[in-house]
Amino acid sequence: MSHNLFPRERLKFAATINDETLTEDVDPDFEIQYIDIGNVNSSGAVHQIATYRFEAAPSRARRIVRDGDVIISTVRTYLQAIAPITNPPENLIVSTGFAVIRPRPEMMDAKFCRYVLREPTFLAEVEKRSTGISYPAINASEIGDIAIPLPPISAQKLIADYVEVETAEIDALISAKQKLLDLMAEKRRAIVAEAVMRGLDPSAPLRPSGIDWLGDIPAHWEIERSRWLFTERDQRSQTGEEEMLTVSHLTGVTPRSEKDVNMFEAESTAGYKLCFAGDLAINTLWAWMGAMGTARVDGIVSPAYNVYTPDPRLLPDYVDALVRIPIFAQEVTRYSKGVWSSRLRLYPEGFFETWWPVPPLDEQQKIVEHISTETAKIDRLRTATENSIALLKERRAALIAAAVTGQLEISEAA
């Protein structure tokens, strides 16, 4: 196959779009498997397919898909939620938020279609034609008007087979590195939990704490109810001009200015709660997920949050480490109020019921330093691994682009 770039044709010349839709007269008890836009990631993987009776399914659950189709999200197109459909069950239905691209067999090979719709020029054109600021969307007919490289069918089959083999190797590497990231995250959590609940001296004698979540603790540590270790701070900002802090289960307490936060912002933050460096801030609604931590800087938080000042017997960094271990989030869930698990709220009276391990201050300092040193090593390795995954994904994209546009010479024997 030569290095000449392939001619381009509009997609609708080589494929049909949104051929089949469920009608309203479907049996209400008909069971469907449903893919929504959030179930497709930017790599084209589909996860968490939901099962519904037709009657109870979202009104968007209407598009019928077949083997060889490719689905493209028409909303928030920058997320590149594009996935091939292979051997779907008869009852697989996708959201009307997808455009279903079905190759015309005489014009386009189904496997080639899967790759050509990930070609950078095509993706850029989809984004360029999308309208709307926070929720950019494109009409399915607009997608059909975008030109794609279209070599003869025989060449398409060669290219698709070649790309499949080459990307499988890259995907296996990405998958292995992703597993390594998961192991690192697990090890990081274990290091923190072991240090804050057992200390650093493996030979220190232990005693039963009498508290389920804590188990045995070093014999010389105290345990104390949090009502005697924290006081609630409910001071309000007069102007709302202080640094806005966010509280997340992933990053703890951080200035909003450091995060790419795309969320509702109040017109005025006067009356928000003051939160000083060293205070414990808890996101009342998401405490069950672990959304709490110690503030590093002075600022303000939402009035719906709770702020607590630790007793001098606790170092703020020790508090931060302890509240962010998953087992502590499970413990506060027991004292949270609400009917649904996803709507539980941790109020001060619930938080004050929890029991804490209280090591001597000098030991807390050593624990904090140990956690900082050990997690920094893991974080450096994690960053390097994430960078290598990003490079592999770039290589994959470049390979697909070069192959489907005719920049690679691919022989019959390839």
Side-chain angles (χ1 to χ4, degrees), residues 188-201 204 206-235 245 247-249 251-254 273-284 287-288 290-299 301 305-336 346-375:
R188 196 183 195 283
R189 285 193 294 269
I191 285 170
V192 177
E194 183 71 19
V196 297
M197 294 167 67
R198 297 284 178 277
L200 306 178
D201 180 3
L206 300 176
R207 68 177 173 92
S209 66
I211 309 300
D212 284 351
W213 79 271
L214 269 178
D216 293 347
I217 59 169
H220 63 289
W221 287 16
E222 294 176 18
I223 57 164
E224 185 69 88
R225 250 211 171 109
S226 51
R227 74 171 66 254
W228 310 120
L229 292 170
F230 293 88
T231 48
E232 189 185 359
R233 183 196 296 283
D234 189 1
Q235 293 169 265
L245 305 176
V247 186
S248 139
H249 70 290
T251 51
V253 182
T254 46
K273 288 185 180 175
L274 294 176
C275 179
F276 295 102
D279 282 351
L280 169 63
I282 297 183
N283 181 331
T284 315
W288 61 277
M292 46 194 139
T294 301
R296 308 270 173 215
V297 293
D298 296 350
V301 296
Y305 295 177
N306 291 106
V307 180
Y308 305 93
T309 305
D311 182 279
R313 285 179 290 166
L314 288 174
L315 292 180
D317 284 344
Y318 177 78
V319 171
D320 187 67
L322 190 137
V323 298
R324 293 181 60 203
I325 58 176
I327 196 169
F328 186 78
Q330 289 168 23
E331 177 63 8
V332 300
T333 302
R334 290 178 52 210
Y335 299 105
S336 298
L346 179 66
Y347 297 113
E349 62 269 23
F351 172 70
F352 285 143
E353 289 295 308
T354 57
W355 288 88
W356 283 56
V358 186
L361 278 172
D362 61 332
E363 205 171 330
Q364 288 182 43
Q365 186 59 45
K366 288 188 181 123
I367 287 168
V368 166
E369 287 165 5
H370 167 79
I371 288 171
S372 176
T373 304
E374 294 304 311
T375 56

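Every side chain to side chain donor-acceptor pair (under 3.5 Å) that Asn283 has, sequence neighbours left out, goes to Tyr305. Residues satisfying the ring-ring contact (aromatic ring centres under 6.0 Å, His included) test with Phe230, not counting sequence neighbours, are Phe351, Trp356. By the side chain to side chain donor-acceptor pair (under 3.5 Å) test, Trp221 pairs with Glu363, sequence neighbours left out. Shown here are the salt bridge (charged side-chain N to carboxylate O under 4.0 Å, His left out) partners of Asp298, two or more places apart in sequence or in another chain: there are none. With sequence neighbours left out, the side chain to side chain contact (heavy atoms under 4.5 Å, CB included) criterion links Trp213 to Met197, Ile211, Leu322, Ile325, Ile327, Phe328, Glu331, Pro357. Ser372 meets the side chain to side chain donor-acceptor pair (under 3.5 Å) test with no other residue; sequence neighbours excluded. By the salt bridge (charged side-chain N to carboxylate O under 4.0 Å, His left out) test, Arg296 is found to be paired with Asp317, Asp320, residues two or more places apart in sequence or in another chain being considered. Applying the side chain to side chain donor-acceptor pair (under 3.5 Å) criterion to Asp212, with sequence neighbours excluded, gives no partner residue. When the salt bridge (charged side-chain N to carboxylate O under 4.0 Å, His left out) test is applied to Glu232, no partner is found at least two apart in sequence or on another chain. Not counting sequence neighbours, the partners of Asp234 by the salt bridge (charged side-chain N to carboxylate O under 4.0 Å, His left out) test are Arg236. With sequence neighbours excluded, the residues satisfying ring-ring contact (aromatic ring centres under 6.0 Å, His included) with Phe352 are Tyr308.
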Taking it one step at a time, do Phe276 and Gln235 satisfy side chain to side chain contact (heavy atoms under 4.5 Å, CB included)? CA-CA 10 Å; Phe276 295 102; Gln235 293 169 265; 4.0 Å; yes

As a quick check of understanding, evaluate salt bridge (Lys or Arg N to Asp or Glu O under 4.0 Å) for Arg334 and Glu353, giving each step before the final call. CA-CA 10 Å; Arg334 290 178 52 210; Glu353 289 295 308; over 6 Å; no

In sequence, state the C-alpha distance, the side-chain angles, and the governing distance for Arg233 and Asp279, and then conclude on salt bridge (Lys or Arg N to Asp or Glu O under 4.0 Å). CA-CA 9 Å; Arg233 183 196 296 283; Asp279 282 351; 2.6 Å; yes

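At distances below 3.5 Å, not a single donor-acceptor pair connects side-chain atoms of Ser248 with backbone N or O atoms of Ala291. For Gln364 (side chain) and Leu315 (main-chain N/O), a donor-acceptor pair under 3.5 Å exists by modelled atom type.
Of all the heavy atoms in Val332 and Ala287, the pair that sits closest is CG2-O, 3.9 Å. Between Val301 and Cys275 the shortest heavy-atom distance is CG1-CB, 4.2 Å. Leu214 approaches Ser209 most closely through the heavy-atom pair CB-OG, 3.5 Å. Between Val247 and Ala281 the shortest heavy-atom distance is CG1-O, 3.8 Å. Looking at every heavy atom in both residues, Pro359 comes nearest to Ile367 through CG-CD1, 4.3 Å. Closest approach of Thr251 and Arg324 over heavy atoms only: C-NH2, 3.5 Å.
Look at Arg313 and Glu222 and you find a salt bridge, because one of the NZ, NE, NH1 or NH2 atoms lies within 4.0 Å of a carboxylate O, short of that distance.
Residues Thr354 and Arg225 are not in side-chain contact: their nearest non-hydrogen atoms beyond the backbone lie 4.5 Å or more apart. Contact of the Leu245 side chain with the Thr254 side chain is not registered, since no non-hydrogen atoms from C-beta on lie closer than 4.5 Å. In this structure, His220 and Arg207 have side chains that are not in contact, with every pair of non-hydrogen atoms separated by 4.5 Å or more. Side-chain contact between Leu346 and Ile282 is present, with at least one heavy-atom pair separated by less than 4.5 Å. Between Val253 and Leu280, every side-chain heavy-atom pair lies at or beyond the 4.5 Å cut-off. Looking at heavy atoms from C-beta onward, His370 lies in side-chain contact with Ile191 at the 4.5 angstrom threshold.
Of the inter-residue distances, the one linking Ser226 atom OG with Asp311 atom CG reads 11.5 Å to the nearest 0.5 angstrom. Distance CD1/Ile223 to CG/Leu229: 10.5 Å, rounded to 0.5 Å.
Annotation for Glu224: atom CD counts as buried by contact number, over 12 foreign heavy atoms lying within 6.0 Å.
Within the structure, side chain to side chain donor-acceptor pair (under 3.5 Å) pairs that include any residue of residues 188-197 comprise Arg188-Asp379 (at least two apart or interchain).
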